[in-house]
Amino acid sequence: DLQHMATIAERNFQLWWALVNRIYPSFPNTLNLYSDFFGPTIDAYLRVYFVELGRLLDKRKNVVSLETFFSRHILNDPRIRIDYQNLLASKGSQLRAIRIIRSKAIAHSDSLLNVERVFSEAQITPNEIRDVINSFVEIVRRIIHDVGTGSGTIGDTKRYEFAAMALVKH
């Protein structure tokens, strides 16, 4: 469901972000000492993020996604759909870049390309990607609130980052 996809995408990006941008700069010796664990873990977090975000934004009619949700449901708050459409328009270049990364480095036949090189080619930064996921998670959070279903910590943008930092510190 939408909540699950958004939560998995958000969680995995937070963990990747924490490992690459917070933990490695502070604890490079720990990550290097356990590189057989942290290397694949960092890669897996990033891959799952891109796969789940791709599912959330899929436009095919036969899948669960934001697009199919909006085509099948009328919300009490029509501003959510309008905000979703505005978000797609305003984040268009970032979404194209994310699709490039997903195709060239993560999920498809050319996925053997170097992730850093593909990020550079796509002309998007991790901060911009973080903004994209946070924006779409907010849309899903609003949908959940509107229809009165779901639970959990969707939209808790620091929870997993703090957990990863605590793990490495101890």
Side-chain angles (χ1 to χ4, degrees), residues 1-22 44-108 110-111 113 115-164:
D1 72 341
L2 295 178
Q3 180 179 356
H4 180 73
M5 285 185 273
T7 301
I8 296 299
E10 176 190 41
R11 178 185 309 157
N12 280 278
F13 189 79
Q14 281 184 28
L15 290 167
W16 174 83
W17 175 269
L19 285 167
V20 171
N21 294 293
R22 299 272 317 241
Y45 287 143
L46 191 62
R47 287 180 186 280
V48 170
Y49 161 75
F50 279 105
V51 168
E52 291 301 313
L53 182 63
R55 289 180 59 212
L56 193 63
L57 299 176
D58 199 323
K59 294 196 182 292
R60 293 176 295 163
K61 295 184 184 329
N62 63 339
V63 298
V64 175
S65 68
L66 283 166
E67 198 68 32
T68 57
F69 178 86
F70 283 119
S71 72
R72 296 176 185 164
H73 297 85
I74 296 173
L75 298 172
N76 296 319
D77 183 352
R79 292 173 299 178
I80 298 172
R81 183 185 180 98
I82 293 166
D83 290 348
Y84 169 69
Q85 292 167 334
N86 290 339
L87 186 59
L88 288 174
S90 70
K91 301 288 185 197
S93 62
Q94 290 95 340
L95 292 172
R96 280 188 293 284
I98 286 169
R99 282 188 203 97
I100 289 169
I101 294 169
R102 186 177 185 273
S103 294
K104 289 190 172 188
I106 305 297
H108 297 294
D110 48 0
S111 67
L113 295 176
V115 173
E116 289 79 16
R117 191 176 105 211
V118 174
F119 265 82
S120 178
E121 282 179 28
Q123 297 181 349
I124 190 167
T125 67
N127 282 331
E128 291 170 311
I129 293 171
R130 181 183 229 180
D131 181 53
V132 167
I133 188 57
N134 289 344
S135 298
F136 284 101
V137 163
E138 176 61 17
I139 293 289
V140 173
R141 188 194 60 71
R142 289 174 59 199
I143 289 169
I144 291 165
H145 179 73
D146 186 84
V147 298
T149 62
S151 61
T153 57
I154 188 167
D156 184 1
T157 59
K158 296 286 186 181
R159 178 180 180 192
Y160 298 102
E161 183 177 327
F162 290 139

Problem set entry | Min side-chain heavy-atom separation F13-V137 under 4.5 Å | no
Exercise. What pair of heavy atoms forms the shortest contact from A18 to A164, and how long is it?
Worked result: CB-CB, 4.0 Å
Exercise. Can you tell which of E10, H4, M5 makes a side chain to side chain contact (heavy atoms under 4.5 Å, CB included) with I8?
Worked result: H4
Problem set entry | Exercise: identify the closest heavy-atom pair between Q14 and Y160 | OE1-N, 2.9 Å
Exercise. Are N134 and E138 close enough that some pair of their side-chain heavy atoms sits under 4.5 Å apart?
Worked result: no
For this session: Take R142 and D77 through the test side-chain contact (heavy atoms from CB on, under 4.5 Å) and record every step on the way to the result.
Result: CA-CA 9 Å; R142 289 174 59 199; D77 183 352; 4.2 Å; yes
Seminar exercise, completed: dist L46:CG -> R102:CZ (nearest 0.5 Å) comes out at 12.0 Å
Exercise. I100 versus I124: any side-chain heavy-atom pair under 4.5 Å?
Worked result: no
Exercise. Step by step, would you call R79 with D146 a side-chain contact (heavy atoms from CB on, under 4.5 Å)?
Worked result: CA-CA 11 Å; R79 292 173 299 178; D146 186 84; over 6 Å; no
For this session: Please round to the nearest 0.5 Å and tell me the distance separating atom CD1 of I139 and atom CG of N86.
Result: 9.0 Å
Seminar exercise, completed: One should read off an interatomic distance between I101 CD1 and Y49 OH, to the nearest 0.5 angstrom, of 8.5 Å
Problem set entry | Check: T68 side chain, V63 main-chain N or O, donor-acceptor pair, under 3.5 Å | yes
Seminar exercise, completed: side-chain contact (heavy atoms from CB on, under 4.5 Å) filter on R81, not counting sequence neighbours, yields F70, Q85
Exercise. Is H145 close to I80 at the side-chain level, that is, under 4.5 Å between some pair of heavy atoms?
Worked result: no
Exercise. For the atom pair CH2 (W16) and CZ (R47), what is the distance rounded to the nearest 0.5 Å?
Worked result: 13.0 Å
What side-chain donor-acceptor pairs closer than 3.5 Å can you find for residues 50-58, not counting sequence neighbours?
residue : atom : partner : partner atom : Å
E52     : OE1  : R55     : NH1          : 3.0
E52     : OE2  : R55     : NH1          : 3.1
D58     : OD1  : R60     : N            : 2.9
D58     : OD1  : R60     : NE           : 3.2
D58     : OD2  : R60     : NE           : 3.1
D58     : OD2  : R60     : NH2          : 2.7

Exercise. Can you check side-chain contact (heavy atoms from CB on, under 4.5 Å) on S135 and K91, steps first, answer last?
Worked result: CA-CA 9 Å; S135 298; K91 301 288 185 197; 3.8 Å; yes
Problem set entry | Gap separating the CG atom of D1 from the CZ atom of F69, nearest 0.5 angstrom | 10.5 Å
For this session: Indicate the atoms forming the closest heavy-atom contact of K61 with R72, along with that distance.
Result: O-NH2, 2.7 Å
For this session: Starting from the C-alpha separation in whole Å, work towards a yes-or-no answer on side-chain contact (heavy atoms from CB on, under 4.5 Å) for V48 and R11.
Result: CA-CA 10 Å; V48 170; R11 178 185 309 157; over 6 Å; no
Problem set entry | L75 side, atom CG; Y84 side, atom OH - distance, nearest 0.5 Å | 12.5 Å
